[in-house]
2 protein chains.
Amino acid sequence: MEISARKKKILAAVVDEYIRTAEPVGSKTIAEKANMGCSSATIRNELSELTSLGYLEQPHTSAGRVPSPQGYRFYVNELMERQKLSIEEAETINARLSEKMEQLDRLMTDAGRLAGQLTGYPALALSTPRAVAAKRFDLLYVDSNTFIIVILLENNTVRNKLVHLPFSVEQGQIQKLSALFNAGFTGLTEEEITPVLISATERAARDNMGLTSIIAAFTIETLTQSRAGEAFVTGESSLLQQPEFRDPDKAHRVISYLSDSHHLMGLPAVTEENGVRVIIGPENLAEELRDSSVVMASYDAGEGQRGLIGVVGPLRMDYSAVAAKLRYIADGLSRLLGSGEAPAGFGKMILKGDVSTDEHE
Amino acid sequence: MEISARKKKILAAVVDEYIRTAEPVGSKTIAEKANMGCSSATIRNELSELTSLGYLEQPHTSAGRVPSPQGYRFYVNELMERQKLSIEEAETINARLSEKMEQLDRLMTDAGRLAGQLTGYPALALSTPRAVAAKRFDLLYVDSNTFIIVILLENNTVRNKLVHLPFSVEQGQIQKLSALFNAGFTGLTEEEITPVLISATERAARDNMGLTSIIAAFTIETLTQSRAGEAFVTGESSLLQQPEFRDPDKAHRVISYLSDSHHLMGLPAVTEENGVRVIIGPENLAEELRDSSVVMASYDAGEGQRGLIGVVGPLRMDYSAVAAKLRYIADGLSRLLGSGEAPAGFGKMILKGDVSTDEHE
DNA sequence: GCTGGCACTCTCACTTTCCGAGTGCTAAAT
DNA sequence: ATTTAGCACTCGGAAAGTGAGAGTGCCAGC
């Protein structure tokens, strides 16, 4: 059954009002605020039907209505107005992004922080997991028992480690090893490389007193970490300002869940498509987030990788404003990091449908 | 005036009991729990005097006593028993530290995390600011318009950056630059190097199309960052479990204060000496921490740098246990990182003392 | 100087009361 | 057929009231 236009208008009014005030919304309020052309009694009838349809809930028999998760879902899908950013907000975002574009590695967390500051909710930033391979190895001889391992990954991040040895090596030995690794172990992902490295280590065990094993271990560790992606949360405590998280235990459950980046890595699995995604309360896979909502936007991080920024808040979240802000930030990031960035010669994996260049803005 | 031994014993009993229960402590409780040789009435008299001396407070006329900040201070300075760690705790710490010793850069945050987990309070980890110099530069040629800058700092951390150029360079050019930087710019702190680099950049402007400037900028940035030190907080939300932070606003004030690492950098200024330092409530310089206590331990991070780990909690903190744990962790870190710096760092770390037997310093 | 006793105080937890926002229903009006 | 006004009813939550208990201060006697 299709929902009448008037019901939609009423539902939208309830959600908007509830988002604003955090108080259950009564028929009278709606009759006055939203200028429906009818009286509160009529609205009561409609409300009653919306309730039995499952879009609204009553905290108790004689209170106003509150949107149900299903109500929020309908609101997000069909009713919500696509909100525009104020000029100042857009400028803030642009300024903050371009100021950071020099430091690509920090950009991800800074974007999360920005999202949090703009929305007032705890924000998360994550890079989606993806198996990467090493593109190049360098071993830098520092002194007779110190050298640095530098690994350049396919996604153009660089990892390094300083190694102190309990014995001496010669520069030539280091150089030889460097060449060896470059020749044999580039282009392999962690899964592929592990067995190869293990056998190589065994073969070389006698020759170089474990040098190979040190480098191999760091390589595997690096590839594993990069594959797992990263996750950051900022501004957890702003959750405490939301009335629905006045209960410290409830807040603590959510915050400590978020603080474990291990948990967060589960989120992006759900988010393949582009654009903004809203996960409302019970839709969350994680028990701990069942009465929170998550809004996420993904962006093209270049080199075929995608990143994700998002915020976590109560069901009564200002979805419209949050979505607009996240979308804007994510678009900005895509433009900064996205396909353009790749030097010629790297395969450009442009996920299409990216970046709404679009109709409503 | 000197405080009588019995008063001390009573004061200690009040603090211990209050730390345990978070409830105001009455005369009867003390008479029963601590085996004083006297009745509750006597204790009442003593309590009354301790109150007028400023060591105790009464929430209201007819409630038990609660330690005042001054009372905690006296307790920490003179009454507190130096607590021993259980063997399991000591082993946990040893295990966790040695497991991490490979990754020096992460060790600092991991130590903080460990402190937090062990104590149940939010934990902070920071490195004290100190000017460092670059020990060595390497430029790695990747392809005709990409190279990597690797900078090894005096304190043996390594920083790197991948640079994409909008034009081509030759490998020889990169190598020449590398030699140039190593010859001219090692051993200088940020302050010293900045003017030198600026003039060098100007001189080279024509020759290499800004290559020098890119490297110079990264160098300055790196030295500046390292000089500023770093600060991390973990486990903020565990504060919510403390009864005194049930008020979300209060908790939010403290947590959001802690979340800004900028603020944290102010703390270590107070902590020059070695060992454990306790800052009780109003002793905190920061308004926001006036009803929290901070316990910190510093460690020798090698290369003349010191690090700091600490926890933040309510006034009613278990100072004795917290101090013991922090001290133990800090000692472990000093041994791992400290002046010895044994490149043969794979040796076994046995931390003695502070654990089993009853020895004082 | 210590102790038992006693009157007094004050908080907290619990109950009771009461108000009003908001509902659902019905009957009249459009 | 839909909308509206009116009205009785419900129920949560604030406000006020109550009682018990923990703890104190003080005094008189040991």
Side-chain angles (χ1 to χ4, degrees), chain A residues 1-11 13-15 17-18 20-68 71 243-244 246-247, chain B residues 1-11 13-15 17-18 20-68 71 243-244 246-247:
Chain A
M1 151 202 169
E2 200 35 60
I3 296 185
S4 74
R6 191 171 65 187
K7 279 205 181 57
K8 286 183 185 174
K9 192 172 174 190
I10 291 177
L11 179 53
V14 173
V15 177
E17 185 69 11
Y18 184 65
R20 213 172 53 80
T21 64
E23 298 284 323
V25 184
S27 53
K28 210 168 112 194
T29 318
I30 296 178
E32 288 165 4
K33 297 255 171 163
N35 57 339
M36 313 256 101
C38 59
S39 78
S40 68
T42 310
I43 292 177
R44 272 205 290 284
N45 290 328
E46 298 282 51
L47 286 178
S48 175
E49 287 179 49
L50 281 169
T51 304
S52 57
L53 286 172
Y55 293 108
L56 295 176
E57 286 172 353
Q58 264 179 307
H60 51 267
T61 33
S62 168
R65 302 307 209 286
V66 162
S68 69
E244 27 274 281
R246 298 248 91 194
D247 173 11
Chain B
M1 150 201 166
E2 202 35 60
I3 296 186
S4 75
R6 191 171 65 185
K7 278 206 182 55
K8 286 184 184 173
K9 193 172 174 190
I10 290 177
L11 179 52
V14 173
V15 177
E17 185 68 11
Y18 184 64
R20 214 173 53 78
T21 64
E23 298 284 322
V25 184
S27 53
K28 210 169 111 195
T29 318
I30 295 178
E32 287 164 5
K33 296 256 171 163
N35 56 340
M36 314 254 100
C38 57
S39 78
S40 68
T42 310
I43 292 178
R44 273 205 288 284
N45 289 328
E46 298 282 51
L47 286 179
S48 174
E49 287 178 50
L50 282 169
T51 305
S52 58
L53 286 171
Y55 293 108
L56 295 176
E57 287 171 352
Q58 261 180 308
H60 51 268
T61 33
S62 168
R65 301 308 209 285
V66 162
S68 68
E244 27 273 283
R246 299 247 90 195
D247 173 10

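Order of the sequence lines sets the chain letters (A, B, ...), proteins ahead of strands, with each chain counted from 1.
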Checklist entry - Any donor-acceptor pair under 3.5 Å linking the side chain of A/Thr51 with the backbone of A/Glu57? => result no

Item to check | Flag, side chain of B/Ser27 to backbone of B/Ile43, donor-acceptor distance under 3.5 Å | outcome: no

Euclidean distance, atom [atom1] of residue [X] to atom [atom2] of [N] [Å, nearest integer]:
| X | N | atom1 | atom2 | answer |
| --- | --- | --- | --- | --- |
| B/Ile43 | D/dA22 | CD1 | C1' | 16 Å |
| A/Glu46 | D/dA1 | CD | C1' | 14 Å |
| B/Lys33 | D/dG23 | NZ | P | 12 Å |
| A/Ile30 | D/dT3 | CD1 | C1' | 17 Å |

Next on the checklist: I'd like to check the salt bridge (Lys or Arg N to Asp or Glu O under 4.0 Å) partners of B/Glu244; sequence neighbours left out, ordered by chain and number.
Outcome noted: B/Arg316

Which value, rounded to the nearest 0.5 Å, describes the distance between [X] atom [atom1] and [Y] atom [atom2]?
| X | Y | atom1 | atom2 | answer |
| --- | --- | --- | --- | --- |
| A/Leu50 | A/Asn45 | CG | CG | 11.0 Å |
| B/Ile30 | B/Leu47 | CD1 | CG | 5.0 Å |
| B/Glu46 | B/Ile3 | CD | CD1 | 10.5 Å |

Checklist entry - Along nucleotides 6-24 of chain C, 5' to 3', which nucleotides get a B, which get an S, and which get a -, given that the test is a protein heavy-atom distance under 4.0 Å? => result ---BSS---------BBBB

Checklist entry - Quick one: is B/Arg6 getting a side-chain N or O under 4.0 Å of the C/dC2 phosphate, OP1 or OP2? => result yes

